[in-house]
Each structure stands twice: as structure tokens, then as C-alpha cells.
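What follows is one structure encoded as C-alpha cells, with my remarks underneath.
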Amino acid sequence: MMIDIQNLRVRFGQGADAVTAVDGVTLSVREGESFGLVGESGSGKSTVLRAVSGLNDDWTGRIAVAGTEQGPKRQKGFYKLCQMVFQDPYGSLHPRHTVDRILAEPIAIHGLGDADARIDRVLRDVGLGPAFRFRYPHQLSGGQRQRVAIARALVLEPRVLLLDEPTSALDVSVQAEILNLLRRLRAEHGLTLVLVTHNLAVVANLCDRLAVMNRGRLVEEMSVDELRRGAAREPYTLQLLRASQGYDRATAESFRDYA
Amino acid sequence: MTDRKMADNAPLLEVSNLRVAFPTRTGMAEAVRGVSFTLGREKLGIVGESGSGKSMTGRSILRLVPQPGRVTADRLAFNGEDLLAASPRRMRDIRGRRIAMVMQDPKYSLNPVMTVGRQIAEAYRVHSKAGAAEAKRRALEMLAAVRIRDPERVYDRYPHEVSGGMGQRIMIAMMLIPDPDLLIADEPTSALDVTVQMQVLAILDDLCSQRGMGMIFVSHDLNLVASFCDRILIMYAGRVVESCRASELHAAQHPYTRGLLASLPRIDEPPGDLPVLSRDPMWLEA
Amino acid sequence: MTARTDTPSAGWRDWLTTDTPQSRAQARLGRAWAGWTAFRRNRLAVAGLLIVLALVVVAALAPVLAPYHPYAQDLNGRLLPPSAAHWLGTDAFGRDILSRLIHGARLTLMIVALVAATAPLAGLVIGTAAGYFGGWVDTVLMRITDIALAFPKLILALAFVAALGPGIENAVIAIAITSWPPYARIARAETLTVRRSDFISAARLQGASSLRIILGHIMPLCIASLIVRTTLDMAGVILTAAGLGFLGLGAQPPLPEWGAMIASGRQYVLEQWWVAAMPGLAIFIVSLGFNLLGDGLRDVLDPKGD
Amino acid sequence: MPTLKRGLTLLVTVAVTLLGLLLVTFLIGRVVPIDPVLSALGDRANADSYAQMRTQLGLDLPLWQQFLRYVGDVLQGDLGTSVLTSRPVLEDVLRVFPATMELATVAVVIGAVLGVPAGVFAATHRGRWPDHAIRLLGLIGHSVPIFWLGLMALLLFYAKLDWAPGPGRVDVFYEGMVDAVTGIVTVDALLAGETDIFWNALQHLVLPSAILGLYSVAYIARMTRGFMLDQLRQEYITTARVKGLSETRVVWRHALGNIAVPLITVIALSYAGLLEGSVLTETVFAWPGLGLYITNSLLSADMNAVLGGTLVVGAVFIALNMLSDLLYRLLDPRAR
């Protein structure tokens with residue numbers, strides 16, 4: 001198991017205002033697998049990802065990555081194992097840092113030598129030439145920025161890549177490019193992917209297996225083959241499936257709230 | 001209502017060679033470059049990627065292009081009336097009363113320090129001589145019409161106290177209360193979850209057909225537009241590259257449209273590389 | 001060949017404005033150039049910059065530029081109106097007002113430089129630390145800042161000077177001590193807006209230490225608004241220092257401090273107006289220079305506004 | 001329950017801030033190179049009476065006990081005795097404070113009445129000449145030394161043109177002719193039915209308050225412009241226009257409604273700033289307010305009076321801050 005999560009709980013706020021964002025989630029991801037975590041806003045899918053990544057340290061339960069149990073605070077070595085790509089390529093790059101500096105920083109932090117060669121290699125890896133190396137983010141398109149963000153995640157040569165809605169801020173034509181890139185990188189580097197998204201079609205394109213979340217709970221897990229066949233068991237999943245197939249007046253009538 | 005029925009076969013909106021330009025340091029930059037179409041009492045979808053000029057097209061009809069943008073057109077006529085020649089006063093009459101607009105995110109498009117009820121009532125009172133009590137009664141009716149269960153309670157809520165889906169229903173109620181002829185919906189469901197999105201669209205759909213309104217539905221979501229609208233314009237770099245009936249989108253001719261359709265991942269297709277759109281500079285001219 | 005003769009300037013301009021810089025230095029210079037081009041279009045801001053540069057030049061070359069010694073008294077030539085010999089007239093001791101103003105520029109510049117080098121820096125450190133760490137660190141630091149902010153600045157400066165004794169050094173200390181809190185507030189506000197942003201999260205996921213994130217990621221984003229605020233505040237510092245001088249609590253005679261010069265001209269203001277008017281004009285012009293410069297810098301560095 | 005909790009938090013905040021203020025004035029009082037014993041006894045004290053006085057003043061106690069004693073004294077309204085007037089400082093301060101309040105209040109009214117519309121106007125004409133003009137005037141207002149402007153205004157309007165009366169609150173002839181009920185001469189004159197004195201006092205008020213108000217106009221206009229520009233960019237403004245509202249209603253009802261709360265804070269802060277700006281203005285216009293009292297005490301090294309005055313101005317500052325905080329919570333639906 002690359003990622004093993006047992007009974008994860010995350011609560012925000014205190015006392016009467018507290019909200020349970022993640023409510024006893026248990027799931028595991030095999031090495032080399034591409035796993036989709038699907039849900040609507042407020043379902044807790046991103047919160048799970050932030051707990052795994054170490055960005056959120058206020059959780060209970062058990063999280064193990066690559067066989068090592070993880071506490072709330074991570075060791076430096078963890079970050080060489082597991083990296084993350086964020087949703088909004090406009091917000092995930094420092095506006096005053098050049099691509100060069102963005103990519104050089106992780107190398108410096110972990111004391112890896114050979115920065116120039118590494119940066120060139122990783123830029124080529126994500127399909128950006130050396131011409132992009134000294135540009136500022138504002139000189140890049142959305143798709144190029146997301147490539148830089150992916151390059152930053154890859155520069156430490158991690159085994160796990162956590163993806164938080166990596167294409168939902170992009171146009172569909174750019175989305176296709178990024179999905180293709182992720183598929184290629186996964187194959188070339190033997191990466192384990194965890195993809196958080198609300199878009200079932202993206203999951204179907206990139207993942208092997210998926211879990212559906214609603215209001216902090218895991219509704220059901222299935223393989224992407226089952227998804228493709230529409231073989232979902234839970235009514236919530238079926239509703240989500242119907243809703244992603246385009247507008248239909250009659251179907252819209254049948255929708256209900258799942259709590 | 002009777003005027004409306006009589007004018008049914010005349011086009012509601014005629015747009016010919018619409019251009020929107022913004023001055024930059026190197027000269028004028030055109031966001032919309034010669035868009036033409038006519039609209040009847042139908043649901044017209046305008047689709048395109050970001051920066052294609054689709055939103056700007058919608059806003060220029062209401063003459064709400066932000067300063068210092070310039071709007072020009074050979075013809076921009078609503079019910080036969082030239083919108084570009086209308087005085088600011090006349091334009092204010094047209095806004096809301098005849099043409100309304102719903103925007104993307106109710107979190108930003110509702111005034112945060114006014115109760116939603118007062119915002120709806122205000123929309124009614126600008127265009128009628130109604131008193132406060134009458135306006136409130138109408139606003140409550142309208143809230144019920146967008147299927148809000150407890151209108152009395154929601155009336156006194158502030159925008160931050162309602163969910164995104166409810167906020168967008170409130171927005172629709174506010175825009176439809178003066179009974180306009182044309183509704184411009186600018187990505188009205190992009191900020192919502194899919195299921196809520198469908199419910200909001202159903203409300204829009206019903207209200208439009210009940211009232212015989214025309215609708216311009218601006219969106220980046222090809223599938224959604226194809227399933228919701230009657231007719232589609234596909235925009236690229238400020239121009240309409242193709243227009244077709246929604247039901248015939250799959251048979252689209254233009255390589256850009258075909259490329260966009262192909263690059264969409266599908267649930268029912270096996271995983272694999274998606275065809276990537278390669279842009280032809282010729283499309284800028286066509 | 002002829003085509004190349006006028007390209008050097010176009011050449012380096014292209015080099016600066018290119019979208020594909022080839023090195024770190026080129027990227028950085030290109031950025032600075034873009035800022036300067038934007039700044040240059042604001043004529044008032046350029047005027048402000050010129051005034052501030054003029055202050056620096058005058059202060060540096062005071063002994064060369066001043067026609068007389070600032071302390072040279074001429075009791076026969078007391079309170080002379082402006083003339084060819086004394087462009088701005090003379091004061092009650094017959095000293096040349098222009099020469100005293102020129103030497104006074106050194107005092108003004110010194111005060112400005114000392115305050116600008118201390119208060120914003122203290123505010124930056126306190127504000128970014130409070131904003132980044134949050135929790136009790138934030139509570140304690142911001143409580144202190146709020147307390148300091150709730151004090152009447154000028155009156156507190158007066159009390160400090162009263163306690164430490166009048167004099168220009170104590171005036172500077174008093175001004176610096178009372179002017180850091182707004183910087184801390186600004187730096188904290190900026191830090192809070194970027195703290196939750198994805199690029200800070202990304203840096204944390206690289207394993208970056210808090211110190212590295214604050215110094216390398218957060219501070220550079222606070223500095224723009226701090227520079228703007230500092231420049232605008234320098235006008236206020238000049239006015240406060242002059243106010244202290246005017247009240248007799250800043251620079252002491254015979255130092256040619258502008259505020260003190262106004263105070264000494266005050267009793268003659270109805271008859272020999274120039275004695276008080278000229279130093280006031282000098283203060284006004286220099287403050288205006290800093291204000292114009294700061295206002296122009298805001299457009300370039302911090303377009304969001306106040 | 002949350003309201004009660006927030007109220008308590010606010011009270012604690014105010015208490016802590018006040019304590020901080022007291023600590024600072026206390027420490028300043030300790031570092032003064034003036035020996036409080038000597039200044040109480042005079043220079044010729046012998047060693048015995050010196051030591052006795054030292055104990056009496058509590059100077060032999062540890063510093064923190066001295067501080068507690070100081071806090072206790074202040075809470076009982078004992079700010080010490082002024083060396084200059086030989087009266088309790090609190091009494092002095094209360095006597096002169098209304099004059100400062102009168103000046104600052106008129107100035108802030110001027111500032112708000114002119115500054116808010118100017119700021120709104122600049123924002124709605126962004127980038128065009130009214131904006132540039134208002135912006136430039138604002139920068140000029142922030143660059144003039146207020147005491148110098150006062151001097152020049154006296155020179156021009158009083159000495160040369162004779163349009164305005166000279167320094168002071170009323171002409172010498174009228175001084176002391178009305179009983180100080182509120183301490184605000186214009187109001188007292190009206191209460192006593194002395195219209196002549198009222199007009200005279202009003203004339204005296206015009207120049208200093210206008211000059212003080214200038215600073216406040218500049219500040220309020222600048223802040224209003226900034227807030228307004230932020231709001232005019234928002235999407236709800238587009239909504240208001242789509243509804244067919246007039247531009248006046250869009251700007252003054254929708255946009256201004258959203259900045260009312262921060263604007264109140266700005267006005268409260270500028271009021272606080274004016275109380276302090278009055279130090280220099282009062283000096284120039286011989287206005288017998290708190291500012292003049294503090295400067296006079298300073299020049300005669302009357303530390304009790306200086307620190308007492310500082311404390312009172314500081315307390316008013318804190319009160320104004322608290323007030324704007326309360327208003328914010330009351331008026332903004334999002335903060336409730």
C-alpha cells in the first residue's frame with residue numbers, strides 16, 4: 001500500500017460552531033495506482049488530501065504513506081516522497097519568483113546538487129523548453145503555469161503526486177494537454193496519483209479506481225470500469241453520474257439533497 | 001403581454017458586426033471582433049474558451065462594458081430599437097425592465113449589506129410605481145416562483161447567509177421580477193455543484209418558456225450548452241467561428257469546434273490520450 | 001550597416017522587454033525596467049522623485065552650494081528682505097536664510113533616513129511574524145501593536161522628548177518609536193492575505209522552513225506596500241520633526257532645523273514674513289516631494305490602493 | 001452567547017490597552033531626569049526630609065508596586081498636581097479639554113462633509129481631471145506644516161486683509177463674560193443668550209478649525225476614494241446597473257452603503273488625529289485647549305501635567321477605537 005488511511009476525522013472550528021469536514025474516512029491506494037476522490041464542494045475531498053499532504057495537521061485517525069505512519073508534523077524526507085499540485089495555477093506560483101527560482105528552491109532546501117541540470121530536465125519533462133526558465137508567472141498562460149507547478153512537484157522526484165482539481169481552472173483544450181501530460185509522467189516515473197475532482201469524466205480518463213464522498217463521508221468505492229458501465233450502487237453516486245451527463249429537464253426534477 | 005405575442009416573429013435582438021475594443025499602450029485591442037447574430041424567443045448558447053469574447057458580447061448588449069472599453073456595431077437593435085443610440089436614461093429603462101442579466105457567482109453579484117428581499121423589491125420598484133408593500137408582495141411571489149420554500153424567511157436574509165444555489169435563485173428572481181423580454185445568463189451555473197446546477201437550470205428553463213423570454217446563455221461548457229440551449233454560437237478569439245442547432249453540435253464542421261469536442265474526456269470512453277487541439281492561425285481570420 | 005547605427009538603444013530595450021529572458025539578471029532587470037516605464041508615465045511622481053533627489057544632492061553638497069556659513073551672524077544686516085545678496089533674506093541674527101535652509105536639508109534628510117531605516121523594518125518583522133505564525137504569537141504581537149497604535153503619536157513623541165530631553169537625536173528616537181505600529185499592521189494584513197495562498201502551501205510542501213518562507217516568500221510581497229507607505233509617511237515624519245522643532249523640543253539653536261527656524265521667525269511674522277515663510281515653504285516642498293513620489297510608487301508597486 | 005463573549009473580549013481588549021498606556025506613561029515618568037522628590041520639596045531639602053518624602057512618594061518600593069500604586073491613583077482620578085498651576089492635573093485637563101473638543105469637532109465635520117463627497121467624486125471620475133485635482137489637493141493637504149499654515153493664514157486673513165479675528169477663542173473684550181457651563185464658548189454663549197459673543201466666538205473658530213479640517217479633508221477624501229474604487233469594481237455594482245438603477249443610486253446607495261462602516265472608522269480615526277493635531281494649531285492660535293496646556297507644561301518641565309494630558313488624550317483615542325469597533329459590529333451584517 002502506498003497510502004493507507006484509517007478512520008480519518010477532521011473538524012474545523014470549536015465548540016458549537018465546529019464542523020466535521022471529514023467523518024471517519026478509510027481508504028487505501030496501491031503503489032503505482034491512480035486513484036480518484038470525487039465529490040461536490042464541501043464533501044471533504046480536498047480536506048482528505050490536505051491531511052495526507054501534511055498541510056492540515058489537525059486530524060485524528062491513521063495516515064500511512066509508503067508504509068510509514070505519519071504524524072501531524074512531517075519529517076523533511078516526507079516531502080521528497082509525496083508532492084502536491086494545486087487547483088489554481090494563478091495562485092500556486094509566487095508572483096515575484098521566476099520559474100527558475102520556483103524550481104531551484106526545493107533543490108536548495110533538500111541540499112540536492114546539480115540544480116541547473118535538474119531544472120532543465122524537469123522543464124523538458126513537463127513539455128516546457130529552457131526558454132521558459134527565467135520567466136515570471138505573469139508571462140505564462142494558465143496551462144504553462146500548471147506545467148510549472150507540476151515541474152515543481154516533480155523536481156524532488158517523489159513517488160506520490162497529490163492532485164487537487166488540477167484542471168478545473170483550465171479551458172478544456174488545455175485540460176486535455178495536462179491530463180495527457182499527467183498520464184505520461186505517471187507511466188515514465190511510476191508515480192502513484194491521487195486525484196481530487198468533481199468531474200467524473202476526468203476521473204474516468206486518468207484513474208483506475210475512485211471513491212465518492214459526500215458531506216465528509218465516503219459513499220462508495222469502485223473501479224473506473226464499473227463507473228463506465230454505470231454500475232454504481234449508491235443513489236448519491238447515480239445522481240452525480242446523471243448530473244454530469246448534461247442537462248435534462250426530467251432528471252433535474254428527480255434530484256434530491258443527500259445529507 | 002399582448003405586444004409581445006404580436007412581435008413573436010420579428011427578431012428580439014439583431015446584432016451585426018459587433019466590436020468591443022480596449023485601448024492599450026500599443027493601440028486598441030479588440031476583445032470582440034465583428035460578431036453578428038439574430039435572436040428570437042429561443043435559448044441561444046454562446047460557447048468559447050476564456051478570452052474568446054463571449055462574456056464581453058453579452059455585456060455589450062446591455063452597454064455594460066467596463067471603462068474605457070468601446071463598443072461599436074453596424075446594428076445592435078433590441079425589438080427594432082438601436083441600443084447604441086439610446087440615451088443613458090433610455091438605457092436604464094431597458095436594463096432590467098426589458099433585458100436582464102444573471103452573472104456567475106451570487107457571492108459577488110448580490111449586494112452584501114442589503115437583505116435579499118430588499119434587493120429584489122428594489123428591482124421591481126425601479127420600473128414600476130408600486131409602493132413598498134406591493135413590491136414586497138411581488139418579491140415574495142417571485143421567491144416562491146424560483147422554488148424557495150420559505151420566502152418570508154429568506155426575504156430578510158443577507159446574501160452571506162444563503163447557499164450558492166439559493167443565491168443564484170435569488171439572483172434569477174431579482175432579474176425576472178420586472179418581467180423582461182431577454183435574459184442574458186453569463187456562466188450562471190459555473191460556480192455551483194453539478195446537481196444544484198441542474199436544478200437552477202430547470203428553474204431558468206421553466207421561467208423562460210412560461211414567460212416567452214429569449215435567452216442568451218454564455219458558458220464554457222459545451223456539453224451543458226448543447227443539452228440546454230436551442231442554438232449555439234461557438235466563439236474563438238472574438239469571432240463566431242460556427243453556429244449550429246444544439247442538437248447538431250456533434251456534426252459541427254469547424255476544426256476548432258471539432259477539436260474542442262474531441263478534447264473533452266468522456267465517462268464512457270476508455271482512458272487514453274485525448275486529442276490535443278492545435279490552433280490554426282487561419283481561424284483568427286475566418 | 002546603416003540600419004544598425006541606431007539599434008544599440010533599441011537593442012538594449014528589446015533585451016529588457018523580452019518575454020524570454022536568458023538569465024536571472026536579465027529577468028530581474030526587465031522587471032525593474034517595466035516598473036520604471038510605468039512610473040515614468042506619471043509626471044507628478046517624476047516631479048516628486050526629482051524633489052527627493054534634489055534634497056539628497058543639496059544635503060550632500062551643502063557647504064558648496066550655500067553662499068554663506070549657516071551660523072555667520074551679521075547684526076547690521078538683521079531681518080533683511082529677499083534681495084540679490086540674500087535671495088531669501090536674513091533672520092533676526094542677520095544670518096542668510098537660504099544658507100541655513102541648505103544646511104537644514106542635511107538635518108531633514110538625516111531624520112528621514114534614520115526613521116525610514118528603523119520603523120518599517122521593525123514593523124515588517126513584527127507584522128510578518130504575527131501574520132504567519134498566528135495563534136498566541138499573533139495575539140501578543142498585535143495586542144502590543146494595537147496598544148502602541150492607540151496612542152496619540154505626536155503627544156507621545158512630546159512626552160518622550162520631555163523625558164529624554166530636547167534634541168534632534170531624541171526627536172528621531174521618539175518618532176521612530178511611535179511610528180512602527182502601522183507598518184506592522186500593513187505587513188500583517190499582507191501576510192494574512194498570502195498565508196493561505198497555494199504558493200505558500202506549495203513552499204511548505206517543499207519542506208521549506210518558516211524562516212525561509214517568511215524571508216523568501218512573504219516579505220518580498222509585503223515590501224512593495226511598505227515602500228509605498230514609508231515614502232508617504234516620510235512627509236509625515238518631516239512634518240512631525242518640524243513640529244517638534246517648532247515647539248522648541250527638536251533640534252536646538254543654532255542648528256538650522258526648518259521647524260525651529262519657523263519658530264524663531266514667528267515673532268516677526270507680521271512685519272518680516274519671509275523669516276517664517278521660507279523654511280515653511282522648504283518643508284512643504286520636500287514633504288510634497290515624498291508624497292508625490294509615494295503616490296506614484298503606489299500606482300506601480302501596489303495598484304490595489306490604500 | 002456569542003454576543004456576550006464578544007462583548008467581554010472587547011472589554012478585556014480595552015482594559016489591556018489602557019493598562020499598556022498607563023505602563024508607558026509610568027515608565028516615561030520614571031526615566032525623566034527630574035528628581036520628583038526634589039521637585040516636591042525644593043532644592044534645599046535635608047537628607048532626612050528627602051528620605052521621608054521618598055517613602056511618602058513610594059519611590060523606595062519595587063518598580064511593579066510603584067506601577068500598581070500609579071494605576072490605583074489614576075483610577076481614582078488622581079493624576080498628580082501640576083507644578084505650574086498648583087492644581088490637580090485632572091481639574092486642569094477637564095477645564096481645557098472642551099476647547100480642544102470644540103476645535104476638533106468642527107474640523108472633523110468639515111473633513112467629513114467635504115472629504116466624503118470629494119472622495120466619491122474622484123472615484124467616479126477615476127483617471128480624469130477631477131480625480132487628479134482632488135488627488136493633488138489631498139497630497140498638498142498632507143504636505144503643509146499645519147503650524148506654518150496657521151501662521152501664514154493669520155498673516156494674510158488677520159494682519160493683511162482683516163477678514164478674520166486674531167488668536168484666542170473670543171476677543172479680549174468678551175473674555176470671561178459667559179459662565180463656562182459646557183466649556184465650549186459658542187454653546188455657552190448661546191445658552192446665556194449672548195448672541196454677540198456667540199458670533200464673535202464663531203468667527204474666532206473659523207480659521208483654526210478650517211486649517212485643522214484641511215488635513216482631515218485630505219485624509220478622508222483619500223480613504224473614501226480608495227474604498228469607493230474597490231467597491232465600484234465589484235460585480236454587485238454591475239447587478240445594480242443591470243437592474244436599471246440610476247448611477248446616483250448605484251453610487252450613493254449601493255457602493256456607499258458598503259463602505260459606510262470602514263468610513264466611520266476612518267472618520268473616528270481622523271477625529272483622534274485632530275485631537276492630536278490641535279497641539280500645534282492651538283499653539284499658533286493661542287487656543288486655550290489641551291494641546292496648549294501640554295506644550296506649556298512641557299516647556300516648564302511640568303511632568304505631571306504632561307503625562308496627565310497624554311493619558312487623557314490616549315484614553316480618548318482608545319475610546320474612539322472602541323466606539324468604531326462597536327459601530328462596525330452593529331452596522332455590518334457580516335460581522336453580527
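Numbers restart at 1 for each chain; the letters A, B, ... are given by sequence-line order, proteins then strands. Since this is a predicted model, take the numbers as computed values, not measurements.
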[X] side, atom [atom1]; [Y] side, atom [atom2] - distance, nearest 0.5 Å:
{"X": "D:Lys160", "Y": "C:Leu270", "atom1": "NZ", "atom2": "CG", "answer": "7.5 Å"}
{"X": "C:Phe284", "Y": "D:Met152", "atom1": "CZ", "atom2": "CE", "answer": "13.0 Å"}
{"X": "D:Ser143", "Y": "C:Leu239", "atom1": "OG", "atom2": "CG", "answer": "7.0 Å"}
{"X": "C:Phe160", "Y": "D:Leu27", "atom1": "CZ", "atom2": "CG", "answer": "9.0 Å"}
{"X": "D:Ile140", "Y": "C:Asn291", "atom1": "CD1", "atom2": "CG", "answer": "10.0 Å"}
{"X": "C:Phe246", "Y": "D:Ile146", "atom1": "CZ", "atom2": "CD1", "answer": "11.5 Å"}

Under 4.5 Å from a heavy atom of chain D, the part of [X] involved:
{"X": "C:Leu292", "result": "both"}
{"X": "C:Leu281", "result": "both"}
{"X": "C:Leu158", "result": "both"}

Relative to chain C, which segment of [X] carries a heavy atom at a distance below 4.5 Å: side chain, backbone, both, or neither?
{"X": "D:Val16", "value": "both"}
{"X": "D:Leu136", "value": "side chain"}
{"X": "D:Val316", "value": "neither"}
{"X": "D:Leu320", "value": "neither"}
{"X": "D:Leu139", "value": "both"}
{"X": "D:Leu298", "value": "side chain"}

* To do: Answer yes or no: does atom OH of D:Tyr328 have more than 12 heavy-atom neighbours from other residues, nucleotides or ligands under 6.0 Å?
  => no
* **D:Phe67 atom CZ, over 12 foreign heavy atoms within 6.0 Å** => yes
Chain C: which of [options] shares the most heavy-atom pairs with it under 4.5 Å?
{"options": "D:Leu154, D:Leu151, D:Leu275", "result": "D:Leu151"}
{"options": "D:Leu23, D:Thr25, D:Val24, D:Leu149", "result": "D:Val24"}
{"options": "D:Leu229, D:Thr283, D:Thr295, D:Val279", "result": "D:Thr283"}
{"options": "D:Gly138, D:Gly29, D:Pro145", "result": "D:Pro145"}
{"options": "D:Val306, D:Ile294, D:Thr310", "result": "D:Thr310"}

* Asked: C:Ala277, C:Ala276, C:Gly243: which one forms the most heavy-atom pairs within less than 4.5 Å of chain D?
  -> C:Ala277
* Chi angles and distances behind the side-chain contact (heavy atoms from CB on, under 4.5 Å) call for D:Phe147, C:Leu247 -> CA-CA 10 Å; D:Phe147 51 96; C:Leu247 294 174; over 6 Å; no
* To do: Report yes if the side chains of C:Arg143 and D:Thr13 come closer than 4.5 Å at any heavy-atom pair, otherwise no.
  => yes
* Under 3.5 Å, side chain of D:Trp148 to main-chain N/O of C:Ile262, donor-acceptor pair present? -> no
* To do: Please report the shortest heavy-atom distance between D:Ile28 and C:Ala163, naming the atom on each side.
  => CG2-CB, 3.4 Å
* Structure fact -> Heavy-atom nearest pair, C:Leu232 first then D:Arg222, reads CD1-NH2, 3.4 Å
* **Side-chain ion pair, C:Asp295 and D:Arg225, N-O less than 4.0 Å** => no
